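Predicted model, so just to flag it, every value in this text is computed and none were measured. Below, chains carry the letters A, B, ... as their sequence lines are ordered, and counting in each starts from 1.
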Protein chains: 2
Amino acid sequence: MTEFAVITHLFVSMVFLERNVHSANLVNLTGMKITVGITDDQSLFVKSLTLLINSFEHFTVVLQATNGEQLLEELAKTEPKPDLLLMDVNMPEKDGIEAARIIRDLYPQCKIVALSVRDDDTTVINMFKSGCSAYLLKDVNPDELERALNEVYTTGLYNGDASNINYRRLLKSVETAPQITDREKEFLLLAGSDLTYKQIATRMHLSPRTIDGYREALFEKLNVQSRVGMILEAVRRQLISIN
Amino acid sequence: MTEFAVITHLFVSMVFLERNVHSANLVNLTGMKITVGITDDQSLFVKSLTLLINSFEHFTVVLQATNGEQLLEELAKTEPKPDLLLMDVNMPEKDGIEAARIIRDLYPQCKIVALSVRDDDTTVINMFKSGCSAYLLKDVNPDELERALNEVYTTGLYNGDASNINYRRLLKSVETAPQITDREKEFLLLAGSDLTYKQIATRMHLSPRTIDGYREALFEKLNVQSRVGMILEAVRRQLISIN
DNA sequence: AATAAATACGGGTTTTTTCCCCTTGCCTGT
DNA sequence: ACAGGCAAGGGGAAAAAACCCGTATTTATT
């Protein structure tokens with residue numbers, strides 16, 4: 001999916017939002033339940049959410065996993081494939097973004113609904129780029145979750161409302177957000193530890209001056225003035241994680 | 001609760017663990033359900049966990065909240081008080097540790113079961129100090145959760161098993177863990193932002209030298225060599241949070 | 001073919017951090 | 001009453017981080 005397609009997608013989303021178009025419930029005409037897979041690193045959440053979704057009129061949970069890797073394994077042996085995949089963004093082993101990308105290519109019939117604690121612009125963008133159809137925050141109420149699942153199944157898209165993701169702000173940040181490169185992420189990973197830049201240079205087989213270049217670029221891109229600020233901002237944007 | 005009492009508590013826990021004593025199910029002799037309150041910052045988790053716990057034979061959820069402040073409000077108007085309170089440790093407004101302390105004093109009849117993503121020694125210790133009766137990780141399976149709730153209700157204590165908190169390691173860390181003072185935490189809060197020590201000194205109305213003293217003390221206590229390391233370790237130990 | 005962006009490197013300067021060494025007073029628990 | 005922890009302050013020096021000035025090559029996009 002290109003950058004342009006994402007923006008288009010979001011524009012379409014906004015139009016839906018503004019016209020207040022709510023598709024009629026086309027589900028359950030056949031009496032068949034819509035099948036759902038759940039992936040989250042907290043197994044207790046997976047299991048309790050399963051009960052909640054099974055309590056929805058048209059839905060049944062057919063797959064559970066606690067990380068991206070496991071999700072792909074389960075997905076391979078699940079037949080037929082689930083209609084919807086509800087997945088957490090930050091998981092160990094294989095995170096939501098990677099997993100979504102693979103699923104989009106392998107099983108395009110499965111619509112992906114991202115579920116996250118964090119209303120972080122770049123993460124949302126990355127999830128949409130990786131092929132997810134909706135992005136919900138974990139503080140949605142069950143009613144809205146059900147509405148979202150319904151709408152993603154019928155229209156292939158869901159926008160949330162004022163209480164959820166702010167697509168307008170998002171769209172703005174897509175245009176202005178600078179990209180962080182792979183090499184910069186490698187650097188960030190090492191910068192987010194108890195090492196000096198000189199030590200980082202050695203580990204990356206680079207000169208200290210090159211490292212300083214990355215630092216400078218990232219200060220600019222993340223809009224910070226110190227290494228501590230850089231690391232904290234990187235953690236907030238899910239570029240790295242503490243551990 | 002004194003440090004000694006905590007250690008004693010943990011010792012008792014370990015003895016229970018080692019003897020593999022499982023109390024007979026004394027619950028439900030009267031046919032009454034055990035009442036449970038749930039607090040977690042993710043409302044979706046609260047609502048789905050409610051379904052799970054209501055599906056347990058002897059339990060019924062009578063209170064829901066999404067932060068410590070709200071929990072206390074709800075608790076004030078709930079009558080009779082819930083037998084058990086399942087609560088997250090890290091929440092906005094009022095975190096699990098503060099909330100637990102207040103509840104222990106105001107409503108000692110409510111047994112507190114802490115629920116957290118993080119197996120962090122000092123946090124576990126602090127929760128026990130604040131009066132919680134059990135500490136479960138969020139990756140417990142429903143069976144173990146039910147067993148834990150039963151055991152806390154009947155014996156006032158639960159230890160988890162190998163898959164959960166490692167009490168042996170915990171006990172060791174209680175003995176060796178240095179205490180971080182309030183003033184040091186204040187400093188950490190500011191150090192965990194895009195400020196220089198000089199700026200922090202101004203904000204805390206202290207001389208830069210004094211700030212340097214805090215820095216030095218914390219490097220020692222947290223066993224790190226740099227400001228970045230200090231902040232990351234502080235985040236890991238839940239002394240501060242990124243935001 | 002040209003522009004842009006990512007990658008890599010160099011020298012020099014200033015500011016900040018880190019690391020030693022130190023004193024004083026105040027409060028709390030034993 | 002006194003030990004120990006805490007708050008507050010300090011000098012001097014070395015190391016690291018941050019901020020300037022640049023250059024060159026490759027790769028992708030237009």
Item checked: Side chain of A/K221 (C-beta onward), nearest among C/dA6, C/dT18, D/dG11 ->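 Out of C/dA6, C/dT18, D/dG11, the nucleotide with an atom closest to A/K221's side chain is C/dA6.
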Note to self: By nearest atom, which of the nucleotides D/dA8, C/dT17, D/dG22 is closest to the B/T196 side chain?
What the structure shows: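 Closest of the options to the side chain of B/T196: C/dT17.
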In whole angstroms, how far is the [atom2] atom of [N] from the [atom1] atom of [X]?
{"X": "B/K198", "N": "C/dT16", "atom1": "NZ", "atom2": "C1'", "result": "8 Å"}
{"X": "B/D212", "N": "D/dG12", "atom1": "CG", "atom2": "C1'", "result": "12 Å"}
{"X": "B/Q225", "N": "C/dC20", "atom1": "CD", "atom2": "P", "result": "11 Å"}
{"X": "A/E216", "N": "C/dG12", "atom1": "CD", "atom2": "C1'", "result": "14 Å"}
{"X": "B/I180", "N": "D/dG5", "atom1": "CD1", "atom2": "P", "result": "15 Å"}
{"X": "B/H205", "N": "D/dA7", "atom1": "NE2", "atom2": "P", "result": "16 Å"}
{"X": "B/R183", "N": "D/dG9", "atom1": "CZ", "atom2": "C1'", "result": "13 Å"}
{"X": "A/Y197", "N": "C/dT16", "atom1": "OH", "atom2": "C1'", "result": "12 Å"}

At under 4.0 Å, does any side-chain N or O of [X] touch on OP1 or OP2 of [N]?
{"X": "B/T210", "N": "D/dA7", "value": "no"}
{"X": "A/S207", "N": "C/dG10", "value": "yes"}
{"X": "A/T181", "N": "C/dA5", "value": "no"}
{"X": "B/R215", "N": "C/dT16", "value": "no"}

Next item on the list: Take B/K77 and B/E73 through the salt bridge (charged side-chain N to carboxylate O under 4.0 Å, His left out) test and state the conclusion after the steps.
Entry: CA-CA 7 Å; B/K77 42 185 175 177; B/E73 284 169 31; 5.8 Å; no
Next item on the list: Identify whether NZ of Lys or CZ of Arg in B/R227 sits under 6.0 Å from the centre of the six-membered ring of B/Y197 and within 45° of that ring's axis.
Entry: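 Pair B/R227/B/Y197 counts as cation-pi.
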Next item on the list: Establish, yes or no, whether the cationic atom of A/K185 lies under 6.0 Å from the six-membered ring centre of A/Y214 and within 45° of the ring axis.
Entry: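 Checked: cation-pi criterion not met.
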Note to self: For a quick test of reading the model, state the closest non-hydrogen atom pair linking A/S193 to B/V228 and the distance between them.
What the structure shows: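 Minimum heavy-atom separation between A/S193 and B/V228: O-CG1, 4.0 Å.
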Check: Is the backbone N or O of A/T181 less than 3.5 Å from a side-chain atom of A/E184, with the two atoms forming a donor-acceptor pair by type?
Finding: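 Flag set: sc A/E184 to bb A/T181 pair under 3.5 Å.
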Next item on the list: Between A/R227 and B/Y214, just flag the one whose closest nucleotide in DNA chain D comes earlier from the 5' side.
Entry: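 Counting from the 5' end, the first nearest nucleotide belongs to B/Y214.
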